[in-house]
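Worksheet: the structure to be examined is printed underneath.
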Amino acid sequence: MELRFLGGADEVGRSAILVNETICLDFGMAAETPPRYPVGDISPDAVIVSHGHLDHVGALPTLMSGKDRPDIHWTPPTRELAHVLARDTLKLHGHTPSCPFTSTDVGRMRPQSHVHDYGEPFTVADHEITLFNAGHIPGSAHVLVDDGETRLFYTSDFHTDEQRLVSPSTARPDADVVLCETTYADVEHRPRKQVEREFVEFVRARTYDGGTVVVPVFAIGRTQELELVCAANDINCYVDGMGVHVAKLLGDYPNFLRDPAAFDRATSNARVVNGTDGTRRQIADGNETILTTAGMLTGGPAMTYLPAVHDDPTNAIAFTGYQVDGTPGRQLIDTGRVALNERVLPVSARVNRFDFSAHVDRPGLERFLHHYQDATVLLNHGDDPAAFASALSTDGFNASAPELNETIVV
């Protein structure tokens, strides 16, 4: 089996792996300024999409521009999330050099689409493909690729611990080669129940003192997870941004949710913000808890809420996800100041971060790979997968970290 790494090697972003020149696993973009896309000019027979996050599916419409358009295989939620993200990318970057696809290309995705449930084998270009629950977000999948000689298990993003939104990854099919993510290969997550308890205590303390808590959240997965957390702990919350639409979309696919009844209760009880910036400022003044995009303060309704709460120490900003270097969220955590709309705001509100990660950590990776000690292990989707590969090699694994645009035969 031949693998070519078009993206996602030694980086988090633009994941894309070409298998035997015929099948592409994911086709994402790196949401930087300007965005970065997979390298190379390819024309695969099919694309297998692991899940609906921008770094795994954001560049997919670019493959729809020619006459030989690949078939797209994914779960039903991933199909819908991909279209949401594509339309949002057009809104932000359409008709600029930062966006190499058009609305016509986006419209061509659905006719090429084929949806599959977990554990349902199907054949693509003489390869047998099976998707398994990856425990990352609704519809996220591990991908098993069998070309008749070699079985490749592509983990994509996954989590082995409990979340409220989705069940954890448990599938461990036989494989000759494992292509494994390493997003948190140098981190050990604190127990989720403890993180949730500390988040709840923090929010209750701030609101009890009369403050408002702004919770920046990612639209896909994190917004809905925090809605479930708030509902389970009797925290009344407002929800604003793209996550509102995503919640409605995911509610149509209960089989991909851990507890559909709890999801319905949480999303029904959350108060949706549909108003203007004036309405948002009124909510921010009202001793409330607000879940809002963007999760790294790079845009969205957070641009209204943050200026409204920044100068009062009874208020708080509670981050729930990783803040990439160079983003306003990371700047705020590191310096206590944030640049928004050409202004630098010194923030007096309390700032805290809670690790609600949907990725497996170092101990989880080690437990997962214990099942594949005799396999070839390839590591990607991380800031330093080579370091983890070296550690695994010391422990007796046949492990390596391919480089960008490298082709290897396994």
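What you see is a predicted model, and the numbers here were worked out from it, not measured in a lab.
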Report the C-alpha separation of Y253 and R79 in whole Å, then their side-chain angles, then the decisive distance to 0.1 Å, and conclude whether the side chain to side chain donor-acceptor pair (under 3.5 Å) test is met. CA-CA 12 Å; Y253 301 99; R79 175 191 59 192; 3.3 Å; yes

Side chains of H51 and T78: any donor to acceptor distance under 3.5 Å?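 No, no side-chain donor-acceptor contact under 3.5 Å.
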
Using only heavy-atom distances, determine whether the side chains of H159 and D361 contain a donor-acceptor pair under 3.5 Å.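 Short answer, no.
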
Decide yes or no on side chain to side chain donor-acceptor pair (under 3.5 Å) for H189 and D355, but give the supporting numbers first. CA-CA 7 Å; H189 296 318; D355 182 11; 2.7 Å; yes

Nearest-0.5 Å distance, [atom1] of residue [X] to [atom2] of residue [Y]:
{"X": "N380", "Y": "I17", "atom1": "CG", "atom2": "CD1", "value": "5.5 Å"}
{"X": "N398", "Y": "Q373", "atom1": "CG", "atom2": "CD", "value": "12.5 Å"}
{"X": "Y154", "Y": "D26", "atom1": "OH", "atom2": "CG", "value": "3.5 Å"}
{"X": "N352", "Y": "T320", "atom1": "CG", "atom2": "OG1", "value": "11.5 Å"}
{"X": "T160", "Y": "F368", "atom1": "OG1", "atom2": "CZ", "value": "9.5 Å"}
{"X": "L131", "Y": "D117", "atom1": "CG", "atom2": "CG", "value": "9.0 Å"}

Checking side-chain hydrogen bond (donor to acceptor under 3.5 Å, both in side chains) against D157, which of H142, H53, H56 comes through?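 When side-chain hydrogen bond (donor to acceptor under 3.5 Å, both in side chains) is applied between D157 and each of H142, H53, H56, only H56 qualifies.
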
Would you call [X] and [Y] a salt bridge, using N to O less than 4.0 angstrom?
{"X": "D161", "Y": "R192", "answer": "no"}
{"X": "E162", "Y": "K193", "answer": "no"}
{"X": "E227", "Y": "R164", "answer": "no"}
{"X": "R151", "Y": "D176", "answer": "no"}
{"X": "E21", "Y": "R4", "answer": "no"}
{"X": "R108", "Y": "D105", "answer": "yes"}

Among L25, I23, V19, L179, which residue satisfies the side chain to side chain contact (heavy atoms under 4.5 Å, CB included) criterion with V143?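 Of the listed residues L25, I23, V19, L179, the side chain to side chain contact (heavy atoms under 4.5 Å, CB included) partner of V143 is L25.
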
Y118 ring center within less than 6.0 Å of F132 ring center: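 So the answer is no for these two rings.
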
Looking only at the aromatic ring of each residue, does the gap between the centers of H116 and F122 stay below 6.0 angstrom?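 Centroid distance F122-H116: below 6.0 Å, so yes.
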
Quick check against the 3.5 Å criterion: does [X] have a side-chain atom that pairs as donor or acceptor with the backbone of [Y]?
{"X": "T212", "Y": "A284", "answer": "yes"}
{"X": "T394", "Y": "S390", "answer": "yes"}
{"X": "T223", "Y": "G243", "answer": "no"}
{"X": "Q112", "Y": "R69", "answer": "yes"}
{"X": "R330", "Y": "Q323", "answer": "yes"}
{"X": "Q194", "Y": "P191", "answer": "no"}
{"X": "Q331", "Y": "A339", "answer": "yes"}
{"X": "T335", "Y": "L332", "answer": "no"}
{"X": "N341", "Y": "R343", "answer": "no"}
{"X": "R362", "Y": "A185", "answer": "yes"}

Run the numbers on D240 and R280 for salt bridge (Lys or Arg N to Asp or Glu O under 4.0 Å), then give the verdict. CA-CA 9 Å; D240 202 348; R280 292 184 173 106; 2.5 Å; yes

Would N233 and E196 count as a side chain to side chain donor-acceptor pair (under 3.5 Å) here? Give the steps. CA-CA 9 Å; N233 291 279; E196 182 174 316; 3.1 Å; yes

Is atom [atom1] of [X] surrounded by more than 12 heavy atoms (other residues, nucleotides or ligands) closer than 6.0 Å?
{"X": "E403", "atom1": "CD", "answer": "no"}
{"X": "D334", "atom1": "CG", "answer": "yes"}
{"X": "D126", "atom1": "CG", "answer": "no"}
{"X": "D374", "atom1": "CG", "answer": "no"}

Any side-chain heavy-atom pair from [X] and [Y] closer than 4.5 angstrom?
{"X": "T298", "Y": "P328", "value": "yes"}
{"X": "L340", "Y": "L306", "value": "yes"}
{"X": "V47", "Y": "L60", "value": "yes"}
{"X": "S113", "Y": "W74", "value": "yes"}
{"X": "P35", "Y": "H93", "value": "yes"}
{"X": "L3", "Y": "L18", "value": "no"}
{"X": "E149", "Y": "M1", "value": "no"}
{"X": "D88", "Y": "M242", "value": "yes"}

Closest approach of [X] to [Y] (non-hydrogen atoms, all atoms of both residues):
{"X": "V187", "Y": "P363", "result": "O-CD, 3.9 Å"}
{"X": "L365", "Y": "C180", "result": "CD2-SG, 3.6 Å"}
{"X": "A399", "Y": "S393", "result": "O-OG, 3.3 Å"}

Might you work through the salt bridge (Lys or Arg N to Asp or Glu O under 4.0 Å) test for R110 and E80, ending with a clear yes or no? CA-CA 9 Å; R110 202 169 288 274; E80 301 305 322; 3.2 Å; yes

When you look at N236 and T289, which way does the side-chain contact (heavy atoms from CB on, under 4.5 Å) test go after all the steps? CA-CA 7 Å; N236 293 321; T289 301; over 6 Å; no

Within 45° cone of F319 ring axis and under 6.0 Å: R353 NZ or CZ: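 Not satisfied by the 6.0 Å and 45° rule.
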
Aromatic rings F354 and F356: how do their planes relate, parallel, tilted or perpendicular, breaks at 30° and 60°?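 Tilted: the ring planes of F354 and F356 meet at 30° to 60°.
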
Between Y305 and V309, does a side-chain contact (heavy atoms from CB on, under 4.5 Å) hold up when you go through it step by step? CA-CA 6 Å; Y305 291 117; V309 304; 5.5 Å; no

If you apply the rule side-chain contact (heavy atoms from CB on, under 4.5 Å), what do you find for I408 with F5, and how did you get there? CA-CA 9 Å; I408 64 172; F5 290 80; 4.0 Å; yes

Please test C99 against T89 for side-chain contact (heavy atoms from CB on, under 4.5 Å), starting from the C-alpha separation and ending with a verdict. CA-CA 8 Å; C99 186; T89 299; 4.2 Å; yes

For a side chain to side chain donor-acceptor pair (under 3.5 Å) check, start with the C-alpha distance between T22 and N20, then their side-chain angles and the critical distance, and finish with the verdict. CA-CA 5 Å; T22 60; N20 290 337; 5.6 Å; no

